[in-house]
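Down below is the structure, laid out as C-alpha cells.
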Amino acid sequence: NSPGFLTALRLADSHGHVWTQHWDYEDIYSRFDWVLVSQPLLRLHDRRAGRILDPDDWFRASDHRPLLAVFR
C-alpha cells in the first residue's frame, strides 16, 4: 500500500485478447509486455484509447505486439 506503487494497465486487442507475445516454436501466447503507471499517471490514462495493436502483419517485426497507452 505504498503511495509509490505501480499499477498495470489492462490493455486488450480488437478481439478482447490480452496476450502480447507469441512463441511460434511452442505455439504459446503470453501476456509478456506490460505498461506500469504510478497513481498520479493512472488518473490521466484514457482507457478507451489504449490497446494492444493487432494489425494483420504485426508478426513481421517481432514476436511481441505493440502496446498503446494514451494519457491526457
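Keep in mind that this is a model prediction, so the values were computed, not measured.
In this structure, the ring pair (Phe, Tyr, Trp, His ring centres under 6.0 Å) partners of W58, at least two apart in sequence or on a different chain, are W19. Partners of H64 by side chain to side chain donor-acceptor pair (under 3.5 Å), not counting sequence neighbours, listed by chain and number: D33. With sequence neighbours excluded, the residues that form a side chain to side chain donor-acceptor pair (under 3.5 Å) with R72 are D46. Take S30 and apply the side chain to side chain donor-acceptor pair (under 3.5 Å) test, not counting sequence neighbours, and it matches no residue.
In this structure, V70 shares a hydrophobic cluster with L53, L68, the cluster being traced through Ile, Leu, Val, Met, Phe, Trp and Tyr side chains under 4.5 angstrom apart. Apart from Y25 itself, the hydrophobic cluster it occupies contains W23, I28, where clustering links Ile, Leu, Val, Met, Phe, Trp and Tyr at side-chain heavy-atom distances under 4.5 Å. When hydrophobic residues (I, L, V, M, F, W, Y) are linked wherever their side-chain heavy atoms come within less than 4.5 Å, the members clustered with L9 are L11, V35, V37, L41, L42, L44, I52, L67, F71. Its side chain within the 4.5 Å cluster rule, L6 clusters with W34, L36 among the Ile, Leu, Val, Met, Phe, Trp and Tyr residues.
Residue pairs meeting the salt bridge (charged side-chain N to carboxylate O under 4.0 Å, His left out) criterion with at least one partner in residues 47-65, sequence neighbours excluded, are D13-R65. Sorted by first then second residue, the salt bridge (charged side-chain N to carboxylate O under 4.0 Å, His left out) pairs that include residues 15-30, not counting sequence neighbours, number zero.
Put simply, the side chain of Q39 reaches to within 4.5 Å of the side chain of F5, judged on heavy atoms.
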